[in-house]
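Structure, as structure tokens:
Counting starts at 1 for both ligands and their atoms, following the listed order. FYI, the numbering just counts along the sequence from 1.
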Amino acid sequence: MTDCQLYLITPPAIDDVDAFASLYADVLAAGADTPAQIACLQLRLKDVPDEAVLRAADALLPLCQRFDVAFLINDHPHLARKAGADGVHIGQSDTPYDEARKILGPDASIGVTCHNSTHLAMEAGEAGADYVAFGAFYPTGTKQVVHRAEPDILDFWSKATTVPCVAIGGITPDNAAPLIEAGADFIAVSGAVWNAPDGPVAAMGRFAAVLGNKR
Ligand SMILES: Cc1ncc(COP(=O)(O)OP(=O)(O)O)c(N)n1
Ligand SMILES: Cc1ncsc1CCOP(=O)(O)O
Ligand SMILES: [Mg+2]
């Protein structure tokens, strides 16, 4: 089994929070005690009022706590603090790391988008980021991306530092293996789970298979 873990990101829009929470509970249970056991859920709602983020957080945080899954909120450190989240993920155009750390404190988990740049990742790591995220590795319909990363950046990073790295962007069970083998500590996925034709629970089984292979 690899030591690469699954980092799940919510869809960018959730119409029915209670229905999504129920589906997320099924996904959590499907991954529990398998190689696809979810390590982290990132609530990544876009273009919604703060109240919508907090409402979704209220529904999802207890499920994360029950399954020992870290709960991060995307973009907004203040909302992460208000929601009682474990941390925040920030990109290069979001709240700067040092400000996010001041808001959330030393025990929070703060991840930083580093695109395909080891320079950005070194800066984030030296500042104290808890993980760096590289991507996009593959085409994705979830976010308009301008940066493409190659697996060799994962290999370089995992040999050069001890700061965990997350791979993101169009990752599916069929294309995850090169990223796992290159040294990704986490694979961050959204559409491959939530948009799976046979449903998110079935997708978790496929991720368990690829994450269960020897690195
Ligand atoms: C784990 C992870 N990696 C990268 C991103 C992208 O963050 P960002 O560049 O700030 O873009 P948005 O997600 O805010 O559209 C992420 N969210 N999570
Ligand atoms: C948020 C983000 N940042 C770079 S690609 C991406 C989208 C990830 O979603 P998917 O796994 O569906 O490509
Ligand atoms: Mg962002």
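- Nearest protein heavy-atom contact of atom 11 (O) of ligand 2 is Ser190 N, 2.9 Å.
- Side chain of Thr34 to main chain of Ala36: a donor-acceptor pair is present (N/O by atom type, distance under 3.5 Å, no hydrogens or angles).
- Put simply, the side chain of Leu179 reaches to within 4.5 Å of the side chain of Leu154, judged on heavy atoms.
- Polar contact with ligand 1: present for Arg44 (N/O pair, distance under 3.5 Å).
- Residues Val88 and Leu8 are members of separate hydrophobic clusters, defined by side-chain heavy-atom contacts under 4.5 angstrom among Ile, Leu, Val, Met, Phe, Trp and Tyr.
- Within a 6.0 Å radius of NE2 in His78, no more than 12 heavy atoms belonging to other residues, nucleotides or ligands are found.
- Each of the following atoms of ligand 2 lies closer than 4.0 Å to a heavy atom of Gly191: 10 (P), 11 (O), 12 (O).
- Backbone and side-chain nitrogen or oxygen atoms of Arg44 are examined, and none is located within less than 3.5 angstrom of a nitrogen or oxygen of ligand 2.
- With contacts defined as side-chain heavy-atom distances shorter than 4.5 Å, the pair Phe67/Ile38 does not qualify.
- Remark: ligand 1 atoms within the under-4.0 Å shell around heavy atoms of Thr113 are 4 (C), 5 (C), 6 (C), 7 (O), 8 (P), 9 (O).
- Between His76 and Thr95, the side chains place no donor N or O within less than 3.5 Å of an acceptor N or O (distance only, hydrogens not considered).
- Some N or O of Gly170 is nearer than 3.5 Å to an N or O of ligand 2, by distance alone.
- Annotation for ligand 1: atoms under 4.0 Å from non-hydrogen atoms of Asp75 are 10 (O), 14 (O).
- The shortest separation from a heavy atom of Tyr7 to ligand 1 is under 4.0 Å, placing the residue in contact.
- Ranking protein heavy atoms by distance to atom 3 (N) of ligand 2, first place goes to Lys143 CD, 3.5 Å.
- Residue Lys46 places a heavy atom under 4.0 Å from ligand 1.
- Close approach of ligand 1 to Ile168 is summarised as follows: ligand atoms under 4.0 Å from at least one heavy atom of the residue are 2 (C), 3 (N), 4 (C), 18 (N).
- The environment of CG in Asp16 is crowded: more than 12 heavy-atom neighbours from other residues, nucleotides or ligands sit within 6.0 Å.
- From the protein, the heavy atom lying nearest to atom 12 (O) of ligand 2 is Thr142 OG1, 2.5 Å.
- For ligand 1, the polar-atom distance check finds no N/O of Tyr131 at less than 3.5 Å from any of the ligand's N/O atoms.
- Annotation for ligand 1: atoms under 4.0 Å from non-hydrogen atoms of Ala133 are 3 (N).
- Taking a 4.0 Å cut-off on heavy atoms, Ile9 fails to register as neighbouring ligand 2.
- Ile90 places none of its side-chain heavy atoms less than 4.5 Å from the side chain of Asp75.
- Residue Gln42 has at least one heavy-atom neighbour below 4.0 Å for each of these atoms of ligand 1: 1 (C), 2 (C), 16 (C), 17 (N), 18 (N).
- The aromatic ring centroids of His89 and Tyr131 lie less than 6.0 Å from each other.
- Between Asp155 and Lys159 a salt bridge is recorded (basic side-chain N to carboxylate O distance below 4.0 Å).
- The closest approach between any non-hydrogen atom of Gly135 and ligand 2 is not below 4.0 Å.
- Ile110 is not connected to Met122 by any chain of hydrophobic side-chain contacts under 4.5 Å among Ile, Leu, Val, Met, Phe, Trp and Tyr, and they are in different clusters.
- Rounding to the nearest 10°, we obtain 90° for the angle at the Mg ion (ligand 3) between Asp94 OD2 and Asp75 OD1.
- Here's the thing with Thr140: one of its N/O atoms is less than 3.5 angstrom from an N/O atom of ligand 2.
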